[in-house]
*Asks:* 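Pasting in a structure now, in C-alpha cells, and then I'll have a few things to ask.
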Amino acid sequence: MSKAVDKPIVEVKDLRYSYPDGTQALCGVSFKVFRGESVALLGPNGAGKSTLFLHLNGLLTPAKGCVTIIGRDASEKNNLKFIRSKVGMVFQNPDDQLFQSSLWDEVAFGPLNLGLSKNTIIRRVNSALKTVGLSGLEKKAPHHLSLGQKRRAAIATVMAMDPQILVLDEPTANLDPKAVGVIIELLNRFNANGKTIIAATHDINILPLIADKCFIMSEGRITSEESVEELLSNRNILSEANLVPPPIAKPFLKSR
Ligand SMILES: Nc1ncnc2c1ncn2[C@@H]1O[C@H](COP(=O)(O)OP(=O)(O)O)[C@@H](O)[C@H]1O
Ligand SMILES: [Mg+2]
C-alpha cells in the first residue's frame, strides 16, 4: 500500500492550539504524510485527534506552528478553497456533516460550490453514490438513513469533490461488522487509486486492513510513529494508545 515518495502531501510542524475556554488541545504536533500512504491516528479520548483533523482543511487555524497541504499553508486564507477541494473531511458524527433534505442535494452540494458544470455535477454525484453503494436512494432524506448508510453518505459527499486526501474521524465507530467491512473496502479502493488516507480509529482489528503506519497521539502530542506490525506486537505502545490487544494477539505480545 505504501508509495512514499519525495515531498510530503501533508506536513504538520509544531502545531499548537488552545480552545477559547483555555483548554490546550494541541501542544506541538509534528508529522509528515506522503502521497498514497494510509495512516491511522490512535490515541485515547481527549488526545487531540479531532482538533488536529480540524486543522487539516483550515476549519481551525493554528495558534502556533504550521500545516502545509500539497505545499500550501493552511493558515493562509487564499489557500483555503484549494485545500478544501483537496482534503475531504469525514466527521465522526455524520449528523454534523449531513444537512440537506435529499441525498442527491447532499452529495451535489460540494461540486455545486466548486462551480462545476451541471453535467459534471450529475456525473460526480452518480459516481460517488455508486462508489459507496447508495445508488437508488437519491431522494431519501439523509437523516432517515441508517448509521452505516449515513457514514457512506458522508464519504460520498467528500468523494464527489474528488479529493486527493481523505481524512476520517473514527469512520467505523458503532457500526456492525458488515458495515465496517463496507467502509474498509471503500477506503482500500480509494487508496488503491493512489489517494492518501488519514483516519483516527480505536478499532485495532481494522488496522492491518487499512493502515501502512500509525501515529500514536497522547495529550496533544504525537508520541510515536509505528508500523502496524510493531504496534500490534508491542504491549507498551498499545497501552500508550489506550488500546486493548485482540485476544489472538496476546501470545505474540512483547514489551519494549
Ligand atoms: N470545542 C471545544 N471547546 C473546548 N475544549 C474542547 C473543544 N473540543 C475539544 N476540546 C478539548 O480539547 C481536547 C482534545 O479533544 P479532541 O480533539 O476532541 O480529542 P480526541 O478527538 O482525541 O478525543 C480535550 O481536552 C477536549 O476536552
Ligand atoms: Mg475525537
Side-chain angles (χ1 to χ4, degrees), residues 10-33 38-67 69 74-75 80 83-84 87-99 147-148 150-155 157-158 163 165-175 179-180 183-184 187 196-207 210-211 213-226 228 231 236-245:
V10 174
E11 183 163 19
V12 174
K13 266 194 211 160
D14 196 29
L15 178 62
R16 288 159 201 267
Y17 184 81
S18 297
Y19 282 101
D21 70 356
T23 310
Q24 195 174 2
L26 302 177
C27 314
V29 172
S30 299
F31 66 87
K32 290 177 187 171
V33 175
S38 188
V39 176
L41 180 66
L42 300 152
N45 289 330
K49 304 181 295 296
S50 299
T51 307
L52 169 61
F53 280 1
L54 293 174
H55 284 84
L56 298 183
N57 72 350
L59 288 170
L60 289 178
T61 313
K64 188 171 174 293
C66 184
V67 175
I69 310 285
S75 53
L80 285 187
I83 287 174
R84 288 186 183 148
V87 180
M89 179 76 63
V90 181
F91 296 110
Q92 179 172 358
N93 181 357
D95 293 327
D96 291 340
Q97 189 136 16
L98 305 172
F99 55 91
L147 178 63
K150 281 182 183 173
R151 280 258 166 75
R152 285 189 275 144
I155 293 175
T157 64
V158 301
I165 305 158
L166 203 51
V167 176
L168 307 103
D169 203 347
E170 311 213 13
T172 60
N174 305 319
L175 295 184
V180 170
I183 300 285
I184 290 171
L187 298 188
T196 308
I197 295 179
I198 306 176
T201 185
H202 283 290
D203 191 346
I204 196 161
N205 293 304
I206 69 165
L207 280 182
I210 65 154
K213 70 179 183 189
C214 307
F215 294 133
I216 317 295
M217 196 166 183
S218 169
E219 297 181 357
R221 287 189 182 84
I222 304 263
T223 51
S224 60
E225 177 184 329
E226 311 288 346
V228 176
L231 176 91
N236 300 1
I237 303 174
L238 283 168
S239 80
E240 230 173 69
N242 228 19
L243 295 169
V244 179

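Every number for a ligand or one of its atoms is a count from 1 in the order of the listing. All figures in this text were calculated on a predicted structure; none of them were measured in a lab. Numbers here are sequence positions counted from 1.
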*Asks:* Any atoms of ligand 1 less than 4.0 Å from a non-hydrogen atom of Gly48? List them with their elements.
*Replies:* 14 (C), 16 (P), 17 (O), 19 (O), 20 (P), 22 (O)
*Asks:* Return yes when atom CD of Gln24 has more than 12 non-hydrogen atoms of other residues, nucleotides or ligands closer than 6.0 Å, and no otherwise.
*Replies:*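 Result for CD/Gln24: enclosed.
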*Asks:* Hydrogens and angles aside, do Thr23 and Asp21 bring a side-chain donor and acceptor to less than 3.5 Å of each other?
*Replies:*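 Side-chain D/A pair, Thr23 to Asp21: present.
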*Asks:* Counting non-hydrogen protein atoms only, what is the nearest one to atom 18 (O) of ligand 1? Give residue, atom name and distance.
*Replies:*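 Of every protein heavy atom, Ser50 CB, 3.9 Å lies nearest to atom 18 (O) of ligand 1.
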*Asks:* Does atom CG of Asn174 have more than 12 heavy-atom neighbours from other groups under 6.0 Å away?
*Replies:* no
*Asks:* Tell me which protein heavy atom sits closest to atom 23 (O) of ligand 1, plus the residue, atom name and distance to 0.1 Å.
*Replies:* Gly46 N, 2.7 Å
*Asks:* Measuring only between side-chain heavy atoms, which start at C-beta, is Leu98 closer than 4.5 Å to Phe91?
*Replies:* no
*Asks:* Which of the numbered atoms in ligand 1 are below 4.0 angstrom from a heavy atom of Ala25?
*Replies:*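 Every atom of ligand 1 under 4.0 Å from some heavy atom of Ala25: 12 (O), 13 (C), 14 (C).
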*Asks:* Under 30°, 30 to 60°, or over 60°: which ring-plane class applies to His55 and Tyr17, parallel, tilted or perpendicular?
*Replies:* perpendicular
*Asks:* Nearest to atom 17 (O) of ligand 1, what protein heavy atom do you find, and at what distance?
*Replies:* Thr51 OG1, 2.5 Å
*Asks:* Considering the heavy atoms of Ala47, write down every atom of ligand 1 situated less than 4.0 Å from one of them.
*Replies:*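 Checking each atom against Ala47, I get 19 (O), 20 (P), 22 (O).
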*Asks:* Hey, is ligand 1 close enough to Asn45 that some N/O pair sits below 3.5 Å?
*Replies:* no
*Asks:* Answer yes or no for Asn45: is there an N/O/S atom below the 2.8 Å cut-off from the Mg ion (ligand 2)?
*Replies:* no
*Asks:* To the nearest 0.1 Å, how far is atom 9 (C) of ligand 1 from its closest protein heavy atom, and which atom is that?
*Replies:*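 For this ligand atom, the closest protein heavy atom is Tyr19 CE1, 3.4 Å.
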*Asks:* Should the pair Asp169-Lys49 be classified as a salt bridge under the 4.0 Å nitrogen-to-oxygen rule?
*Replies:* no
*Asks:* Pro44: heavy atom below 4.0 Å from ligand 1, yes or no?
*Replies:* yes
*Asks:* For atom 27 (O) of ligand 1, find the nearest protein heavy atom and state the residue, atom name and distance (0.1 Å precision).
*Replies:* Thr23 CG2, 4.6 Å
